[in-house]
Amino acid sequence: MNIFSHFQTIITDQLGALSAEGKLAEGLDFSKITVEPPRDAAHGDLATNAAMVLAKAAGMKPRDLAELLAAKLEAAGHFTKVDVAGPGFINLTLQPDFWRAQVAHILNARNTYGEVDAGRGELVNVEYVSANPTGPMHVGHTRGAVFGDALANLLEKAGYKVCREYYINDAGGQIEVLARSVFLRYREALGEDIGDIPEGLYPGDYLVPIGKELAAEYGDKLKAMPEADWLEIVRKRAIEAMMEMIRGDLAALGIEHEVFYSERSLHENGAVEETLAYLESKGLIYTGVLEPPKGKTPEDWEPRPQTLFKSTEFGDDVDRALKKSDGSWTYFAPDIAYHYDKYKRGAAHLIDVWGADHSGYIKRMSAAVAAVTDGKADLDVKICQLVKLYRNGEPVRMSKRAGSFVTLRDVVEEVGRDAVRFMMLYRKNDAPLDFDFAKVKEQSRENPVFYVQYAHARIHSVLRNAQAEVSGIDLSDSALAKADMALLRDEAELTLIKQMAQFPRMVQSAAEAHEPHRIAFYLYELASAFHGLWNKGKDDPSLRFILADDKSVTLARLALIRAAAYVVEAGLGILGVEAIEEMR
RNA sequence: GGUCCCGUAGCUCAGUAGGAUAGAGCAUCAGAUUCCUAAUCUGAGGGUCGCAGGUUCGAAUCCUGCCGGGAUCACCA
């Protein structure tokens, strides 16, 4: 249960009652009313802006309306205190028992706590990674991969049905380059001296085994074939091998897509022609000549008639080319067909996760989606900014040409999957991210990964100790849920409960904003509340979780922290990070 | 030159779809602690939210214009 929306309903009900009594205008718009925890805890547990939002339409002064509503709310009896404050806020304080009851709720829900139904089961298609299958994934891909995956988890938690998708760019010129590079390795495997890898081909060693496989399977038969024939065979094999490698890289990060969608298939099954014919039928395709970009005309620019899509009708800056000068489709054309296909498969919500270098592509893609779906689908493109690697405070230099790029595998093997994932999410997606190997591996309070995982491990440590020290104690969830929560009297204990109770609301707002990083920050704060409680027990032994001479209090406190561990686990689950039970 | 993103404490960053006195970590400073529940703890100082207008009960948040930083700019993927 999201308690904030619960009380929102109570408030709107009371407003409705006031209207019915003729004390308030009817037909007011309640949609702008919010119920939030106030910034300052001294103001109470909940605050609503209802009076301020409605004052104008109701023709009343905010404070007067606030007083009216406050009296009504007071009479309703859910609150121990109802105050009108500032320009017209209504501050509400709940019975401590209301908060305490949350502990049992959480113990009941376990790590499903926080599931909300904002999505009402609607299908969201999340496309992420979609790296070209021309080599292993490097760090640059890591952020988008983790972000997309966590966003997908988050949306599921918020009640959406999610399809995780990877678009395989297996049709372009780079794939041909890949095939030629592999063919070279094939000749090498047959004993030919190939010398240096020519400029423009992929030099990476990872292609060597594919060449060997082809040599073992075909002998020198490929060499005897016409180019068009061997190219076809080699290309197919190369893509398969690359995708297998990429799937392995993704698996190392704990990522698994449900759909791998081939660009080539869109060409082969006619979907590109079909989609473009559809746009043509709507009068959105024409042949024309584009102006050169202002301020920066390319050297080889020349006016040239092109097949264009009227993306300007949907908010783009210029119309966009669908065909290259040689008559073949641009990358954009099959991409339109692809997005159309996602929609036809039932997803009215589309999310693409791209690198920052593709941000200039957003407008045309949004335009295309609007055109092809008649505005019935929404596309949100999430941009992940660059990741800068640091080692001992020094930036790690990477050069693709020199082959000195850090791969995703390198990073995962060095710092671990969980740390990579958490750090990639501990920053807003559209802000650049510094990734310092030393800091990520550090086991200290300064490292948020450690800090959050440690909270979870610490709780399990306490539970293990309790099992060992307190004879006959029953630590099952059902037993803990029956503990006398009224014994949770300390302010720090209530603070922790209130923090936990925010989780469903966090899930909902993070999901609506498509911002999984909010969960990471929330978990840091939750961990902080728990560690604070622990530290209090260090100063004051009567606040420790395990009290040898008071089993009832011990049970209540263990219930509290067990619940906290579930919330941490649920939150980390969204991020795709394991909630470990013991630090090593 | 166009477009998009960013600009918040000395540093790194949050800021919950417009809310009350703008937060956290690091660093700095001042205390506590050698104890063991497991990786010290508590507190303090520190801000013209890039600048200037606008919208309204109310702006770090929305709009406009500047300044500064980054990405990108017919046919690549």
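Note that the structure is a prediction, hence the values are computed from the model and not measured. Here is the naming used below: chain letters follow the sequence lines, and residue numbers restart at 1 for every chain. Only heavy atoms go into these numbers, but all of them, side chains included; no hydrogens, no water, no symmetry mates.
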Run through L266(A), L276(A), D335(A) and flag the one making a side chain to side chain contact (heavy atoms under 4.5 Å, CB included) with W329(A). L276(A)

Just how far, in rounded Å, is [atom2] of [N] from [atom1] of [X]?
{"X": "D539(A)", "N": "rC36(B)", "atom1": "CG", "atom2": "C1'", "result": "13 Å"}
{"X": "E36(A)", "N": "rG19(B)", "atom1": "CD", "atom2": "P", "result": "7 Å"}
{"X": "F521(A)", "N": "rG15(B)", "atom1": "CZ", "atom2": "P", "result": "7 Å"}
{"X": "D335(A)", "N": "rA77(B)", "atom1": "CG", "atom2": "C1'", "result": "10 Å"}
{"X": "D40(A)", "N": "rG19(B)", "atom1": "CG", "atom2": "C1'", "result": "14 Å"}
{"X": "I362(A)", "N": "rU3(B)", "atom1": "CD1", "atom2": "C1'", "result": "10 Å"}

Nearest-Å distance once atom [atom1] is located in both [N] and [M]:
{"N": "rC49(B)", "M": "rU72(B)", "atom1": "C1'", "result": "28 Å"}
{"N": "rU3(B)", "M": "rA39(B)", "atom1": "C1'", "result": "49 Å"}
{"N": "rG68(B)", "M": "rC51(B)", "atom1": "P", "result": "15 Å"}

Choosing from rA24(B), rA39(B), rC76(B), which nucleotide comes nearest the side chain of Y524(A)? rA24(B)

Hey, is the side chain of [X] poking within less than 4.0 Å of OP1 or OP2 on [N], counting only N and O atoms?
{"X": "H517(A)", "N": "rG15(B)", "result": "yes"}
{"X": "R518(A)", "N": "rU16(B)", "result": "no"}
{"X": "R39(A)", "N": "rA20(B)", "result": "yes"}

Would you call the rings of Y128(A) and H257(A) parallel, tilted or perpendicular, where under 30° means parallel and over 60° means perpendicular? tilted

Is the aromatic ring of F89(A) within stacking range of rA20(B), meaning centres under 5.5 angstrom and planes under 30 degrees? yes

Quick one: on RNA chain B, does F332(A) or N429(A) contact a more 5' nucleotide (nearest heavy atom)? N429(A)

